[in-house]
Undergrad: 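Below you will find the structure I want to go over with you.
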Amino acid sequence: MVAVPQNARCYVEISRSRIAANYRAVRDAVSPGGVIGVVKANAYGHGAVEVARVLASEGIGWLGVSSVEEGVTLRTARLTQRILVMAGVMKWEFEAVREFGLTPVVHSLDELQEFNERGPLQVHLKLDTGMDRLGTLAPAREIADALAKAPQVTVEGLLSHFASATDFSSEQTPEQIRMFHRKAAELKQLGVAPPLMHFASTNAVAYPRRDSWLSMVRPGHAIYGYVSPARGPAPAPVFQVKPALQWRARIVTVKEVPAGARVGYGGSYVTEAPARLAVLAAGYADGVPHRLSNKGRVIAGGRFAPMVGTVSMDLTTIDITQSPQLKPGDEVTLLGSEGSVSLDAQQVAKGAGTISYSVLCGISARVKRFYTD
Ligand SMILES: *Cc1c(COP(=O)(O)O)cnc(C)c1O
């Protein structure tokens, strides 16, 4: 059987030109600054190698991943861009960093020493400016001293990460920016002046926090077509992007049930009137959030159809009483659009009490990925 969407029970279709257009929208907004295209977590479910190739063909210079393993995957696919490993390197991965030409983000001064013992290396140093997650809290003087003791290590870049860039009712973001600039200035006085500095991801670009754009920005979500909603008195977004991924599943079976039918595990949904149900070839093992049980909806036959009963591992039941033409083998849309009706990851996330990032990353490996131009 040929691997085409026509033969898949449950699949996503990703538009390369949409990824490219989203990337260009961000790039043009921050120009002349550069862009690190964040393709961690299999490019938020979109396929890291395929997305990286699109970005490479657009001329991107840097890719961002979480782990050494993700970086190795890109190198093995012959991506030649600089690759920034953002979420830490384990001791047993130090050799692979060199072997595959990856650029690690260093989060502690101890790590500088450990890299130093293994020969020359360019790294980016992360400052914790108030998120209290990764990044060093050390004063500038200690950082400069540690670097003096690590002559093999060159700090090529200085970075930080925002905790609440969409929230314009909070002072946290301006405080983080002030702290970054203060620390960078102190380091400069001590002779530490990395050529690259980067801070902003999607939200700090979209709702322009221009004094954080620096030499490069690190968008992920925007490349896939999303900007999170803002809180408080936010300025309008400075670029427009559209979702690049559509997610579809086939109908396995259709059945008529009488009023009073108890649908699915636990009998949590009881039909009030006779209904026509369709069972879909997608469940929580594919990434349909279980929290959408009795709450979510899909697009079926060009209109919204509600999920009824609990989402099971491999199957989800919907009510298609309004679309009697649908039959087994037909496809419905979990994310994307049919005609003028559309459903995106932010809407789905809202119903499931989660965030769009989690919905996209949750689309499991079992769901086949197809690419269109
Ligand atoms: C994931 C990540 C990004 C990208 O964030 P988006 O909100 O998807 O743009 C940028 N920087 C770091 C350090 C990250 O972990």
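Count residues from 1 along the sequence.
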Undergrad: Is it the case that over 12 heavy atoms from other parts of the model lie below 6.0 angstrom from the CD atom of Q152?
TA: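 Enclosed.
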Undergrad: Within a radius of less than 6.0 Å around CD of E175, do more than 12 heavy atoms belonging to other residues, nucleotides or ligands occur?
TA: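 Yes, enclosed.
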Undergrad: Nearest 0.5 angstrom please: L334 CG to T316 OG1, how far?
TA: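 The CG atom of L334 sits 7.5 Å away from the OG1 atom of T316.
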Undergrad: What's the shortest heavy-atom distance between G225 and V241, and which atoms?
TA: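 Smallest heavy-atom distance, with atoms named: C-CG2, 3.5 Å.
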Undergrad: If you draw a 6.0 Å radius around CZ in R291, do more than 12 non-hydrogen atoms from other residues or ligands fall strictly inside?
TA: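 No.
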Undergrad: Could you walk me through whether T333 and E338 pass side chain to side chain donor-acceptor pair (under 3.5 Å), step by step?
TA: CA-CA 7 Å; T333 300; E338 292 185 17; 2.7 Å; yes
Undergrad: Just so I know, are the side chains of T103 and H124 near enough to count as touching, which here means a heavy-atom distance under 4.5 Å?
TA: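 Answer yes - side chains close enough.
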Undergrad: Ring-plane angle category for Y11 and F370, please: parallel below 30°, perpendicular beyond 60°, tilted otherwise.
TA: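 Rings of Y11 and F370: perpendicular, as their planes differ by over 60°.
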Undergrad: Could you tell me if the side chain of V97 sits less than 4.5 Å from the side chain of L121, heavy atoms only?
TA: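 The answer is yes, as the side chains (C-beta and beyond) meet within the 4.5 Å cut-off.
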Undergrad: Find out whether V205 and F239 are in side-chain contact, i.e. whether some heavy atom of one side chain is under 4.5 Å from a heavy atom of the other.
TA: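 SC-SC contact between V205 and F239 confirmed.
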Undergrad: What's the shortest heavy-atom distance between R75 and I83, and which atoms?
TA: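 Nearest heavy atoms, R75 then I83: NH1-CD1, 3.3 Å.
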Undergrad: With heavy-atom distances below 4.5 Å as the criterion, would you say the side chains of Q246 and S337 are in contact?
TA: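 They are in contact (side-chain heavy atoms under 4.5 Å apart), so the answer is yes.
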Undergrad: Could you check L214 against H198 for side chain to side chain contact (heavy atoms under 4.5 Å, CB included), going step by step and ending with a plain yes or no?
TA: CA-CA 6 Å; L214 308 166; H198 45 101; 5.6 Å; no
Undergrad: Could you give the distance from OG (S31) to CZ (R27), rounded to the nearest 0.5 Å?
TA: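 These two atoms lie 8.0 Å from each other.
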Undergrad: Between N22 (side chain) and K242 (backbone), is there a donor-acceptor pair under 3.5 Å?
TA: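 Answer holds: yes.
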Undergrad: Under the 3.5 angstrom rule, does the side chain of R250 hit a backbone N or O of A8 as a donor-acceptor pair?
TA: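 Yes; judged by distance alone, with no hydrogens or angles, the pair exists.
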Undergrad: With the 4.5 Å side-chain cut-off for hydrophobic clustering, are V123 and L109 part of the same group?
TA: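 Looking at the clustering, L109 is in the same group as V123.
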Undergrad: For R218 and T202, indicate whether the former's side chain and the latter's backbone hold a donor-acceptor pair under 3.5 Å.
TA: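 Side chain of R218 to backbone of T202: no pair is present.
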Undergrad: Should K91 and E114 count as an ion pair when the cut-off is N to O under 4.0 Å?
TA: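 Salt bridge present between K91 and E114.
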Undergrad: Taking NZ, NE, NH1 and NH2 as the nitrogens, is one of them in D314 or R366 under 4.0 Å from a carboxylate oxygen of the other?
TA: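 Yes, this pair counts.
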Undergrad: Do any N or O atoms from the side chain of W213 and from the backbone of A204 form a donor-acceptor pair under 3.5 angstrom?
TA: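 At least one qualifying donor-acceptor pair exists.
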Undergrad: Answer yes or no: is there a side-chain heavy-atom contact under 4.5 Å between K327 and I251?
TA: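 No, too far: nothing below the 4.5 Å cut-off.
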Undergrad: Going hydrophobic residue to hydrophobic residue with side-chain gaps under 4.5 angstrom, can you get from Y284 over to V263?
TA: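 Y284 and V263: separate clusters.
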Undergrad: Give a yes or no on whether a salt bridge exists between K149 and D145, defined as a side-chain N under 4.0 angstrom from a carboxylate O.
TA: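 Between D145 and K149 there is no salt bridge, as every charged N stays at least 4.0 Å from the carboxylate O atoms.
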Undergrad: For the pair I19 and Y224, evaluate side chain to side chain contact (heavy atoms under 4.5 Å, CB included) and give the outcome as yes or no after the intermediate values.
TA: CA-CA 6 Å; I19 297 270; Y224 310 107; 4.0 Å; yes
Undergrad: Please state whether the rings of H221 and Y357 are parallel, tilted or perpendicular, taking 30° and 60° as the class boundaries.
TA: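 H221 and Y357: parallel rings.
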Undergrad: Looking at CD1 of I355 and CG of L360, how far apart are the two atoms once the value is rounded to the nearest 0.5 Å?
TA: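 Spacing of CD1 (I355) from CG (L360) equals 9.5 Å.
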Undergrad: Could you state the interatomic distance from CD (Q113) to CG (L147), rounded to the nearest 0.5 Å?
TA: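 Q113 CD to L147 CG: 9.0 Å, rounded to 0.5 Å.
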Undergrad: Any link between L292 and Y269 through a network of hydrophobic side chains (Ile, Leu, Val, Met, Phe, Trp, Tyr) touching at under 4.5 Å?
TA: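 Different clusters: L292 never reaches Y269 through Ile, Leu, Val, Met, Phe, Trp or Tyr contacts under 4.5 Å.
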Undergrad: May I ask whether L137 and M131 are part of the same hydrophobic cluster, defined by side-chain heavy atoms of I, L, V, M, F, W, Y residues being less than 4.5 angstrom apart, directly or through others?
TA: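 No, L137 does not connect to M131 through the hydrophobic network.
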Undergrad: Taking H181 for its side chain and R178 for its backbone only, find out whether a donor-acceptor pair lies under 3.5 Å.
TA: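 Between the backbone of R178 and the side chain of H181 there is no qualifying donor-acceptor contact (under 3.5 Å).
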Undergrad: Any chance the side chains of Q172 and S164 put a donor and an acceptor closer than 3.5 Å?
TA: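 Checked: Q172/S164 side chains pair up, N/O donor to acceptor below 3.5 Å.
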Undergrad: Can D167 and S169 be counted as having a side-chain donor-acceptor contact under 3.5 angstrom?
TA: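 The criterion, which ignores hydrogens and geometry beyond distance, is satisfied for S169 and D167.
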Undergrad: Is it the case that more than 12 heavy atoms not belonging to K350 sit under 6.0 Å from its NZ atom?
TA: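 At most 12 heavy atoms, drawn from other residues, nucleotides or ligands, come within 6.0 Å of this atom.
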Undergrad: Taking G260's backbone N and O only, do any of them form a donor-acceptor pair with T271's side chain (distance below 3.5 Å, no angle check)?
TA: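 Yes; judged by distance alone, with no hydrogens or angles, the pair exists.
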Undergrad: Give every donor-acceptor pair under 3.5 Å between a side-chain atom in residues 303-312 and any protein atom, sequence neighbours left out.
TA:
unit_1: S312; atom_1: OG; unit_2: L315; atom_2: O; d: 3.3

Undergrad: Regarding T166 and N203, is there a side-chain donor-to-acceptor distance under 3.5 Å anywhere?
TA: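 Per modelled atom types, T166 and N203 side chains form no pair under 3.5 Å.
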Undergrad: Rounded to the nearest 0.5 Å, how far does CG of L79 lie from CG of L74?
TA: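 Rounded to the nearest 0.5 Å, the CG-CG separation comes out at 5.0 Å.
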Undergrad: Looking only at heavy atoms, which two atoms of V51 and A43 are closest? And how far apart?
TA: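 Here V51 and A43 meet closest at CG2-CB, 3.8 Å.
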Undergrad: Give a yes or no answer on whether the side chain of E70 reaches the backbone of S66 with a donor-acceptor pair at less than 3.5 Å.
TA: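 Yes; judged by distance alone, with no hydrogens or angles, the pair exists.
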Undergrad: Please walk me through it: do V252 and L280 pass side chain to side chain contact (heavy atoms under 4.5 Å, CB included)?
TA: CA-CA 6 Å; V252 178; L280 308 180; over 6 Å; no
Undergrad: Looking at every non-hydrogen atom in both residues, tell me the closest pair between P233 and F168 and how far apart they are.
TA: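 Nearest heavy atoms, P233 then F168: CD-O, 3.4 Å.
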Undergrad: For the pair S160 (side chain) and L127 (backbone), establish whether a donor and an acceptor sit closer than 3.5 Å, ignoring hydrogens and angles.
TA: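 Yes; judged by distance alone, with no hydrogens or angles, the pair exists.
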Undergrad: May I ask you to check whether over 12 heavy atoms, not counting those of Q325, lie within 6.0 Å of atom CD?
TA: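 Counting other residues, nucleotides and ligands, CD of Q325 exceeds 12 neighbours.
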Undergrad: Can you see which heavy atom on S342 is nearest to which on I299, and at what distance?
TA: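 Minimum heavy-atom separation between S342 and I299: CA-CD1, 3.7 Å.
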Undergrad: Begin with the C-alpha distance, continue with both residues' side-chain angles, and end with the deciding distance and a verdict on side chain to side chain contact (heavy atoms under 4.5 Å, CB included) for V38 and M86.
TA: CA-CA 10 Å; V38 175; M86 302 189 299; 3.9 Å; yes
Undergrad: Would you say L326 and V279 are hydrophobically clustered, going by side-chain heavy atoms of ILVMFWY under 4.5 Å?
TA: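 No.
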Undergrad: May I ask you to test the H107-T136 pair for a side-chain heavy-atom distance under 4.5 Å?
TA: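 Side chain of H107 against side chain of T136, heavy atoms only: no contact under 4.5 Å found.
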Undergrad: Return yes if some donor-acceptor pair links the side-chain N/O of S358 with the main-chain N/O of T354 below 3.5 Å, else return no.
TA: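 Side chain of S358 to backbone of T354: no pair is present.
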Undergrad: Please tell me if the side chains of P208 and P235 come closer than 4.5 Å, counting only heavy atoms from C-beta onward.
TA: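 In contact.
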Undergrad: Salt-bridge test for E95 and R118: reply yes if a basic N is under 4.0 Å from a carboxylate O, no otherwise.
TA: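 The answer is yes: the pair qualifies as a salt bridge.
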Undergrad: Any carboxylate oxygen within less than 4.0 angstrom of a Lys/Arg side-chain nitrogen, looking at E156 and R82?
TA: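 Salt bridge flag = yes for R82 with E156.
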Undergrad: Just jot down the ring-ring contact (aromatic ring centres under 6.0 Å, His included) partners of F115, sequence neighbours excluded, or say none.
TA: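 Counting only residues at least two positions away or on another chain, F115 forms a ring-ring contact (aromatic ring centres under 6.0 Å, His included) with F94.
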Undergrad: State whether the side chain of D128 and the backbone N or O of G130 hold a donor-acceptor pair below 3.5 Å, judged by distance alone.
TA: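 Looks like yes, one N/O pair under 3.5 Å.
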Undergrad: Work out which heavy atom in H161 is nearest to a heavy atom in T129; give both atom names and the distance.
TA: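 Nearest pair, atom of H161 first, then T129: O-OG1, 4.3 Å.
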Undergrad: Does any non-hydrogen side-chain atom of Y226 lie less than 4.5 Å from one of D344?
TA: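 D344 vs Y226: side chains touch.
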Undergrad: How long is the straight-line distance from CD1 of I320 back to CZ of R276, given to the nearest 0.5 Å?
TA: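 Output value for this atom pair is 5.5 Å.
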Undergrad: Assess whether a salt bridge exists between R24 and E58, defined as any Lys/Arg side-chain N lying under 4.0 Å from an Asp/Glu carboxylate O.
TA: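 E58 and R24: salt-bridged.
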Undergrad: Quick check: are there more than 12 heavy atoms from other residues, nucleotides or ligands sitting under 6.0 Å from CZ of R98?
TA: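 Yes, because the 6.0 Å sphere around CZ of R98 holds more than 12 heavy atoms from other groups.
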